[in-house]
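Below, each value reflects all heavy atoms present in this structure, side chains not excepted, and no hydrogens, waters or symmetry copies. What you are looking at is a predicted structure, and each value in this text was computed from that prediction instead of being measured.
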2 protein chains.
Amino acid sequence: MDPHLLRTFLAVAETGSFSAAAEQLRYTQSAVSQQIAALEADLRTPLLTRRPVALTPAGERLRGHASILLVRLAAARADVTRAVAPPGRLIVALTPLAWHPALADALALLRTESARLTARLRLAERDQVVAAVATGEADLGLVDGFTAPSDPLRLPDTGGARAIGVAESPAVVAVAASHPLARRRRVDLSDLADAYWIDAPAVAAHTRLPVDGLRPGLRYDGQDVTVLAGLAAAGHGLAVLPEPLVTTHPSLTGVPISAPRLVHRVELVRIPAHLTGGEPAARLAALIEHR
Amino acid sequence: MDPHLLRTFLAVAETGSFSAAAEQLRYTQSAVSQQIAALEADLRTPLLTRRPVALTPAGERLRGHASILLVRLAAARADVTRAVAPPGRLIVALTPLAWHPALADALALLRTESARLTARLRLAERDQVVAAVATGEADLGLVDGFTAPSDPLRLPDTGGARAIGVAESPAVVAVAASHPLARRRRVDLSDLADAYWIDAPAVAAHTRLPVDGLRPGLRYDGQDVTVLAGLAAAGHGLAVLPEPLVTTHPSLTGVPISAPRLVHRVELVRIPAHLTGGEPAARLAALIEHR
DNA sequence: GGTAATTACGGGCTTCGTAAATATC
DNA sequence: GATATTTACGAAGCCCGTAATTACC
């Protein structure tokens with residue numbers, strides 16, 4: 001169970017191919033084959049089927065553990081070796097829906113304070129945001145999700161990173177203004193199990209809502225919120241979105257959700273203060289928290 | 001950051017000596033020295049001071065990460081390789097204060113159901129109980145601690161294991177019947193900061209109470225609850241204990257705690273159902289949960 | 001000067017790459 | 001038969017042990 005082996009195992013699992021994994025990791029096919037064989041021998045369990053390459057149940061379980069382990073390993077390394085970040089650097093990783101104008105304001109304020117600041121925003125999906133902060137790739141993270149009011153998001157625990165809520169807004173079902181549903185005063189999500197939903201895993205995965213069996217109609221693999229809103233407005237399907245976003249979109253109507261009780265919540269992810277990811281990060285975090 | 005290196009690093013950190021660590025791990029001094037050197041070179045940070053051997057701040061941080069990582073690694077291995085446990089085996093790990101007569105009853109019932117059952121109880125400290133369950137060394141775990149009413153214990157998250165509360169009882173300050181405090185109707189823990197406390201880390205660490213600065217008077221390193229109760233009864237110091245335990249002890253008086261709000265809570269630790277640690281474990285868990 | 005960690009060095013094992021073999025679609 | 005994984009084999013590197021060296025109490 002060398003981390004090296006886990007890494008190539010994950011690469012194979014992701015690419016679905018030994019050769020692709022080898023290329024990605026700058027190994028030869030042969031090396032990858034040997035590494036997987038070594039891992040399977042060590043665990044005395046087949047992890048992958050060949051032709052087609054797919055995960056066995058044991059492989060599925062290992063995949064889950066391995067990705068967490070590798071992130072934690074990287075986080076540990078970052079925590080130990082973390083140097084004082086260059087004062088002019090500030091990298092913020094965020095999920096698309098975690099964006100908020102207040103972030104722009106805080107950044108603007110920060111830049112007037114210290115002229116030499118090179119800030120950088122990076123869009124990523126949720127787990128990657130948390131991982132980026134834990135490993136020090138990013139100084140701060142902003143993640144969003146839908147939960148019961150004042151319930152924390154269920155984030156992966158990847159080592160040093162801690163999350164605190166910074167904003168909540170009502171969650172609504174976004175629907176085209178012309179859609180029959182638009183005239184409803186409120187809806188119960190479980191009544192909409194038969195409707196078609198827009199599946200946009202990179203923006204707002206309805207598969208992560210605390211409701212089962214919402215059927216995916218259209219799938220959008222991009223990260224742009226505007227596109228998602230546009231798709232909903234064009235009647236391609238329903239999506240659960242934060243209310244402020246829906247109201248700013250002219251041809252979208254937001255239908256309040258009666259059950260389950262749901263809010264859109266944004267959380268700030270950062271490493272504990274004693275490992276300040278640089279002065280700018282601490283300052284920005286303070287600005288966001290006390291907004 | 002090979003797990004191998006982390007393991008020997010932990011051994012050195014624990015023993016405070018390269019040679020002792022080498023002996024423990026069946027290596028030579030030399031090998032340990034080289035491994036530590038390799039780790040420090042890899043991380044580009046001194047982790048230990050020599051003569052005396054002690055952790056640097058970076059080493060302290062690594063120690064925290066390393067112990068978690070190794071347990072998670074073991075848990076991952078166990079999760080993947082977990083075979084159907086031998087049907088006659090049932091190992092329960094528990095902290096001393098997690099013991100409850102109901103556990104004996106449940107075990108008795110279980111043994112009448114399946115005569116061939118070899119049950120085994122293992123006392124350990126809290127983190128070790130969780131680790132044992134995660135790695136499959138134990139099928140079930142019972143841990144205890146003091147928290148606010150209906151707050152979960154803050155257990156280390158070591159992979160697959162999940163905890164659910166199974167019992168709560170009032171927490172009281174245990175004091176010798178002759179002690180002046182015994183006549184009080186209730187006390188505020190923060191008023192007792194100047195009193196002497198019995199520090200029994202293996203049984204009920206008052207250092208883990210949500211109160212700061214309780215001074216240790218006597219330290220007891222054993223695991224036996226009776227000894228701790230006896231020490232308190234003999235006037236060697238105060239201890240926070242679950243009320244039922246105190247009331248069964250003739251020469252102890254339990255003084256209710258007015259603040260902070262505190263209960264003694266027992267949680268059952270187990271791996272998710274789909275990885276049943278054997279039929280007996282599932283049955284015992286059900287018995288305990290629905291007691 | 002004695003205890004304990006480090007450095008030097010050699011042998012054995014691991015691991016990768018090249019190349020040939022083999023299996024599956 | 002083409003594509004993709006496995007096996008064979010050799011070279012390079014890694015890691016541990018022995019033994020000599022160095023550093024600190």
- Atom-to-atom span, CG of L47(B) to P of dA5(C) - whole angstrom: 16 Å

- Item | 5' priority, DNA chain C, between R50(A) and R26(A) [closest heavy atom] | R26(A)

- Between atom CG in D2(B) and atom C1' in dC16(D), what is the gap in whole Å? 14 Å

- Whole angstrom is fine here: how far is it from CD in Q29(A) over to P in dT22(C)? 17 Å

- Item | Nearest-Å distance for atom pair CZ/P, residues F18(B) and dC16(D) | 14 Å

- Query: Of the nucleotides dT7(C), dA5(C), dT5(D), which has the atom closest to the Q34(B) side chain?
  - Reply: dT7(C)

- Message: Could you check whether the side chain of R51(A) and the base of dA23(C) have a donor-acceptor pair of N or O atoms closer than 3.5 Å, going by distance alone?
- Response: yes

- Query: Are S19(B) and dA5(C) close enough that a side-chain N or O sits under 4.0 Å from OP1 or OP2?
  - Reply: yes

- Item | H4(A) vs dT15(C): side-chain N/O to OP1/OP2 distance below 4.0 Å | no

- dT18(D) base / S30(B) side chain donor-acceptor hit below 3.5 Å: yes

- Distance in angstrom units between L39(A) CG and dT15(C) C1', rounded: 15 Å

- Item | Candidates dT5(D), dA5(C), dT18(D) - which lies nearest the side chain of V53(A) | dT5(D)

- Message: If the cut-off is 4.0 Å, is Q35(A) near the phosphate of dC16(C), judged by side-chain N/O to OP1 or OP2?
- Response: yes

- Query: Between CD of E60(B) and CG of L48(B), what distance do you get to the nearest 0.5 Å?
  - Reply: 10.0 Å

- Item | E23(A) atom CD: more than 12 heavy-atom contacts under 6.0 Å | no

- Output for pair (F9(A) CZ, S67(A) OG), nearest 0.5 Å, gives 10.0 Å

- When we call it a touch if two heavy atoms are under 4.0 Å apart, what does V32(B) touch: a base, just sugar-phosphate, or nothing? nothing

- Among R270(B), R120(B), R89(B), which one satisfies side-chain hydrogen bond (donor to acceptor under 3.5 Å, both in side chains) with D139(B)? R89(B)

- Item | Protein-nucleotide distance (D42(A), atom CG; dT15(C), atom C1'), rounded to Å | 15 Å

- R7(B), CZ: over 12 other non-hydrogen atoms inside 6.0 angstrom: no

- Note on the structure: When Y27(A) and A37(B) are each assigned the nearest nucleotide of DNA chain C, the 5'-most assignment goes to A37(B)

- Query: Whole-Å distance between dA23(D) C1' and L48(B) CG?
  - Reply: 17 Å

